[in-house]
Amino acid sequence: MKTPAIEIKDLACTYVSEDGKNEEHYTAVKDVTLNIAEGEFVSIVGPTGCGKSTILNMTAGLLQPSHGTIRIFGEPLIGLNRRAGYMFQAENLMPWRNALDNVIAGLEFKGVPKSEAEKSGKQWLRKVGLAGFEDRYPHHLSGGMRKRVSMAQTLIMDPDIILMDESFSALDIQTRQLMENLLLDLWSAKKKAVLFITHDLDEAISMSDRVIVMSAGPGSHPIGEFVIDLPRPRDVTEVRADPRFVALHRAIWSVLREEVLKGYERQSQRRQGK
Ligand SMILES: Nc1ncnc2c1ncn2[C@@H]1O[C@H](COP(=O)(O)OP(=O)(O)OP(=O)(O)O)[C@@H](O)[C@H]1O
């Protein structure tokens, strides 16, 4: 069997917070075991606050697990995950750089000569539908255009793994579906392992090869795994009318629904300090 791109074993994360007097421990995730194959597109869905971002941040190497291991293409993850590119919900463009200079920032940092980086940057801006926008600064681009620049900025580095945390959730629905289709097009041209975090079950099903459902926290862990056997290439809007999509949605929601309700209840108990 091929070595997985991401191999997560018995992972746990306990946050410790202090208010000056007391130390509070909160185990967000526990017993998380999960593999993602090379080129596989996997989404994690779960109730709000269940620890989806916690898992992603540990896989990115931005957060140290309290327990368990993460292997990247067979190698234990130590420090930052250098084989991964990230796309988060928040804007990460540098406002003082134009679109092209934002796209090539990572290449420049790696020491790629400017002319070579610019040539590649222009190609990437074309791929994401922004040819002619090279000189525009982020504040002169729409939210959707800024996301396209971010996507080019991530993919130009040719990472073997792409980690995405609610990357499109701030966009309006039409722009969001355009971005989802664009991502699928780019992904199918050069398949990378994708770990995609989303609140949106429709988005998870329409994009993924596999959807993992997490339980409500504390100690959140996977409680369901669904293979999405919808044919590719997919159009994320059209695929939603496919009877198989509807059946998968029903099956996954039957597992997720109860956890969502538990998640709301536990969060409100936590807020009240119960
Ligand atoms: N630094 C921290 N200190 C203490 N608790 C934290 C910290 N970061 C996250 N948490 C808690 O850990 C739990 C998991 O958080 P996380 O952001 O990973 O969940 P999520 O599933 O991504 O949330 P959402 O769906 O709302 O984006 C939450 O209950 C959160 O309040």
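Worth knowing before you read on, the calculation uses all heavy atoms, side chains too, and leaves out hydrogens, waters and symmetry mates. First listed ligand is number 1; within each ligand, the first listed atom is number 1.
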Shortest protein heavy-atom distance from atom 27 (O) of ligand 1, along with the residue and atom involved: His199 CE1, 3.9 Å
More than 12 non-hydrogen atoms from neighbouring residues, nucleotides or ligands closer than 6.0 Å to CD on Glu38, yes or no? no
Linking I/L/V/M/F/W/Y whenever any side-chain heavy atoms sit under 4.5 Å apart, do Leu155 and Leu171 land together? yes
In terms of side-chain geometry, is the basic nitrogen of Asp209 or Arg232 positioned less than 4.0 Å from the acidic oxygen of its partner? yes
Is it the case that over 12 heavy atoms from other parts of the model lie below 6.0 angstrom from the NZ atom of Lys192? yes
Going by an N to O cut-off under 4.0 Å, is there a salt bridge joining Glu203 and Arg176? yes
Suppose we measure from atom 16 (P) of ligand 1 to each protein heavy atom; which comes out shortest, and what is that distance? Thr54 OG1, 3.6 Å
Do any nitrogen or oxygen atoms of Ala28 come within less than 3.5 Å of a nitrogen or oxygen of ligand 1? no
Which residue holds the protein heavy atom closest to atom 2 (C) of ligand 1, what is that atom called, and what is the gap in Å? Tyr15 CD2, 3.3 Å
Among Pro47, Gly263, Ser53, whose heavy atom sits nearest atom 17 (O) of ligand 1? Ser53
Does at least one non-hydrogen atom of Gly217 fall below 4.0 angstrom from an atom of ligand 1? no
Regarding atom 21 (O) of ligand 1: of the candidates Gly51, Ser220, Pro218, Ala216, which has the closest heavy atom? Gly51
Within the structure, is a non-hydrogen atom of Gly46 found at a distance of less than 4.0 Å from ligand 1? no
Of all protein heavy atoms, the one nearest atom 29 (O) of ligand 1 is Arg270 NH1, 2.7 Å
Thr198 and Ser43: side-chain donor and acceptor closer than 3.5 Å? no
Salt-bridge test for Glu75 and Arg71: reply yes if a basic N is under 4.0 Å from a carboxylate O, no otherwise. no
Please determine if Glu166 has a nitrogen or oxygen closer than 3.5 Å to a nitrogen or oxygen of ligand 1. no
Below the 3.5 angstrom mark, is there an N/O of Thr48, backbone or side chain, next to an N/O of ligand 1? yes
For Phe226, is the NZ or CZ atom of Arg210 found under 6.0 angstrom from the centre of its six-membered ring and inside 45 degrees of the ring axis? no
At what distance is the nearest protein heavy atom to atom 24 (P) of ligand 1, and which residue and atom is it? Gly49 N, 3.5 Å
